[in-house]
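Before any comments, here is the structure.
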Number of protein chains: 2
Amino acid sequence: MERLELPLSQLHAFVVLAEELHFGHAAARLGIAQPPLSQQIRRLEDKVGHALFSRASGGVTLTPAGHELLPAARSALTGLADGLAAARAVGSGQAGRLRIGFAASLALTVLPGLLRTFRQRFPGVHLDIREMPTAPQIAALHDRSIDVGLLREPPATEEELCFRTVLSEPFVAVLPAAHPLAGRRTVHLAELADSPFVLLPRAAGPGLHDQITGLCTAAGFTPRTTQRAVEWQTVCALVETGLGVSLAPAGIRRIRLKGVAFRRIEPSTARTRVAVAWRENEQNPLVTHLLAAVSPEPVDRPQRSSRSGR
Amino acid sequence: MERLELPLSQLHAFVVLAEELHFGHAAARLGIAQPPLSQQIRRLEDKVGHALFSRASGGVTLTPAGHELLPAARSALTGLADGLAAARAVGSGQAGRLRIGFAASLALTVLPGLLRTFRQRFPGVHLDIREMPTAPQIAALHDRSIDVGLLREPPATEEELCFRTVLSEPFVAVLPAAHPLAGRRTVHLAELADSPFVLLPRAAGPGLHDQITGLCTAAGFTPRTTQRAVEWQTVCALVETGLGVSLAPAGIRRIRLKGVAFRRIEPSTARTRVAVAWRENEQNPLVTHLLAAVSPEPVDRPQRSSRSGR
DNA sequence: ACGCTCCATACGCTTACTGATATCAGGTCA
DNA sequence: TGACCTGATATCAGTAAGCGTATGGAGCGT
C-alpha cells in the first residue's frame, strides 16, 4: 500500500460535482464558493494525473477516467462514514458484543433482572451469556474469553481483576413440607445435622459448596450428602420428594414448589456474596455500562440508597 | 453525506499500527519518527471520539472501537488506491472501452491489422466492434454510441466530427478467370460495359456503391446489376461462377479464389478513400491511441514513410 | 538502583490545503 | 454587439496538519 496523499474533501467535492455536473450548483451544495471548488477538482485531477471532467461548452461531463473513479470515491466515502459511525457506536457502548459468564446459582436470581435492564438500555448490544463456575470465570477473564463474570464468593485478591459485591444473600434451609422443622420460622443449622443433604456437586461451584459445608462444620456437624443434582431446581425437586434437606442462598426462594419450604437459618450472619468481576483497565465501554446496570441504584433514579459496595 | 475531515494518512497510520501493534515498528514502516505517529493516532482518536488502541503495559491492543473501524479503513484505502489506479489506467488509455464502427468492406482489409496492432499495444482495453454503414456511423458518433468510425468516402464537412484518411485505394475489376479480359494486366472501365455486374446492395454502403456506379457513368455506361450479395466474399464467389464481373476496392485482393482475377482499372485516378472518424474534443484517450495505431507509421519504427494523409 | 523499552508530550518549523474576493475568458442569446 | 452565464485564474490570508528533535514518565528486567 503506497502513500496516497488525498484529502477526503476533494473526493467529496468530486462526488458532488459528478452528481450536479455544474460547478456553481455543486459549490452551493458544498457550502463554498465556486473558485475553491474549481481548485479542489483541479488538485484532485493533478493527483490522478488526468482530467476527471470535461468542461466543454454546453456542460460539464465526466471523462472516462472520472467515470472509473466515481464508484470508488463514493464507496470510500460512505464506507468510511459508516465505519466511523460504527466505531463511535461501539466506542460509546451503544453497540458491540459483551460476553458474560455467570454462576449457575444466579440463573434464577440476579441474572434475569440484570439482562432485562441492560437489554432495555442498550438494545444494540449482542450479549453472549454462558454458564460457568467461579474458577473458570476467573480463568476466562484472564484469557479474555469473557468480559464480565457474575460469580459467588469472589477471591479476596486476584491480579488484574476487579470485583464488586452485588448482593449479600443469607442462607435458607430447604425443607420438605412434611419435615418437622418446616413448621418453624427459623431453623438452627445444628438442627439439620441428622438430615440427609441434597447438594450441588462441588465442581459446579466449589466456592459456594465449600461455604455451605463450612457453615455446617461451624455448626458442629458434617453434612451427610445422599444426593447431588446439577441444578437448584432439581435440588428442590429432590427435597420435595423427601430425599433430604438442603442449604441454599436465599435467592432460591424464587423456585416455588408446593412441597418445599424455605426457612431462615441461624446464625443469620452466614451470607454468601454475589459479585461482578471484570478486568482492570478494561477498554470495552460495555463493561462499564453493565457495571452500572448491575449496581443497586438504577441510573435514572435520583435517590441514593447508599447501599453501594466496593 | 456529512462533512468528514479526515486525512487518509491518519487512516493509513491506523491500519499499519493495527497490523504492527507497536508504535516504533509501525512508524518505521511508515517512514516517519515515532512521535508523529503517536500524533496521527491521537488525532484520529479525537475525531472518532474514542480510543482505538489500548496502550496498556505489555503491548498495544485494538479496542473494540478500533476493531470496528479497521475493516472500513482498510477497504477504503485499498478501494481508493484501486480506483485511483483504474482511473489512471483509463486516463492514460491503458484500460477502458472503445466502441468502433466499421464499414463492411473493411472487414477484410484495414480492420484486422488495425485490431491486431491496437490489441498488442493496449491489451487491457475492451474493444466493441460493430459493423455499420457510413451514414449510421456518422449518426452513432453524434449520439455517442460509438467512439470511432472506420468508413469509406467521408463527408467533406461534418459538424463536431474529425476525419482522417487512412488509405486511398484504387479500384480493381473482379473477373472470372475465363473472362476474355482476364488475360490483360489492365482493364479499361468502358470495356466492362456489356458485362453483367455483381454488386453489394446499395444499403450496405451507399457511399461506395454510388462511387462505383458513378465511375461507370463517367466511363459512359450504366452497370447492369444482375446479382447482389451482402459480402465481398460472396460477390467473388458469384463472379467465379461466371455470373458477372464486379468493381471493388483493391483491398479485395485479399480474397484469394482460384477462378477469380483482379485487374487494374483505367482510369487509375479512380480511388476510394478509407477514413477514421471521431468526435472533436474527444476526451477518451483511447481514441487518440487508436488514431496512432491506424496511422501509416507505427510508433516503434523510426523510419518515416511520409505517406501520412490529412 | 540502574538502564532499557516504549509511548506521550512539548516545541518549533514548514508545508499546503482551504477559503474568500476580484477578475478574466469563452460561449450563448437577444 | 452587449448582457449574461459558464468556469478558470490570480492573489491573499488563516488554519491546521505534518514533521523532527528533545524530553518526560511508566513499566520491566537485571
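Just so it is clear, the values below take in all heavy atoms, side chains as well, and ignore hydrogens, waters and symmetry mates. Treat the numbers as computed from the prediction; the structure is a model and nothing was measured.
- For the pair A/Glu45 CD and D/dA8 C1', the computed distance is 12 Å after rounding to whole Å.
- Distance A/Leu37 CG to C/dT21 P: 15 Å, rounded to the nearest Å.
- A straight line from NE2 of B/His12 to P of D/dC19 spans 12 Å, rounded to a whole angstrom.
- The two residues B/Leu70 and B/Ala18 have their closest heavy-atom pair at CD1-CB, 3.8 Å.
- Phosphate proximity of C/dA16 to A/Arg43: absent, as no side-chain N or O sits under 4.0 Å from OP1 or OP2.
- In this structure, A/Phe118 CZ and A/Leu98 CG are separated by 5.5 Å, a value rounded to the nearest 0.5 Å.
- Although no hydrogens or angles enter the test, the distance criterion places no donor-acceptor pair under 3.5 Å between the side chain of A/Arg152 and the main chain of A/Thr134.
- Rounded to whole angstrom, the span from the CD1 atom of A/Ile41 across to the P atom of D/dG7 amounts to 12 Å.
- Residues forming a salt bridge (Lys or Arg N to Asp or Glu O under 4.0 Å) with B/Asp82 (at least two apart in sequence, or on another chain): none.
- Rounding to whole angstrom units, CG of residue A/Leu17 and P of D/dT6 are separated by 13 Å.
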Short heteroatom pairs, N/O only, protein and nucleotides 7-13 of chain C, under 3.5 Å:
residue: C/dC7; atom: OP1; partner: B/Phe23; partner atom: N; Å: 3.4
residue: C/dC7; atom: OP2; partner: B/Phe23; partner atom: N; Å: 3.2
residue: C/dC7; atom: OP2; partner: B/Gly24; partner atom: N; Å: 3.4
residue: C/dA8; atom: OP1; partner: B/Arg55; partner atom: NE; Å: 2.3
residue: C/dA8; atom: OP1; partner: B/Arg55; partner atom: NH2; Å: 3.3
residue: C/dA8; atom: OP2; partner: B/Ser38; partner atom: OG; Å: 2.7
residue: C/dA8; atom: N7; partner: B/Gln34; partner atom: NE2; Å: 3.0
residue: C/dT9; atom: OP2; partner: B/Arg42; partner atom: NH1; Å: 3.4

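- At whole-Å resolution of the value, CG in A/Leu8 and C1' in C/dT18 are 15 Å apart.
- Following rounding to the nearest Å, A/Leu30 (CG) and D/dG7 (P) show an atom-to-atom distance of 13 Å.
- Around the CZ atom of A/Arg42, the shell of radius 6.0 Å holds no more than 12 heavy atoms that belong to other residues, nucleotides or ligands.
- Checked against C/dA20, D/dG20, D/dG18, the side chain of A/Ile32 finds its nearest nucleotide in C/dA20.
- Under a 3.5 Å cut-off, the side chain of B/Glu153 and the backbone N or O of B/Arg273 do form a donor-acceptor pair.
- Within the 4.0 Å cut-off from OP1 or OP2 of C/dT18, at least one side-chain nitrogen or oxygen of A/Ser9 is found.
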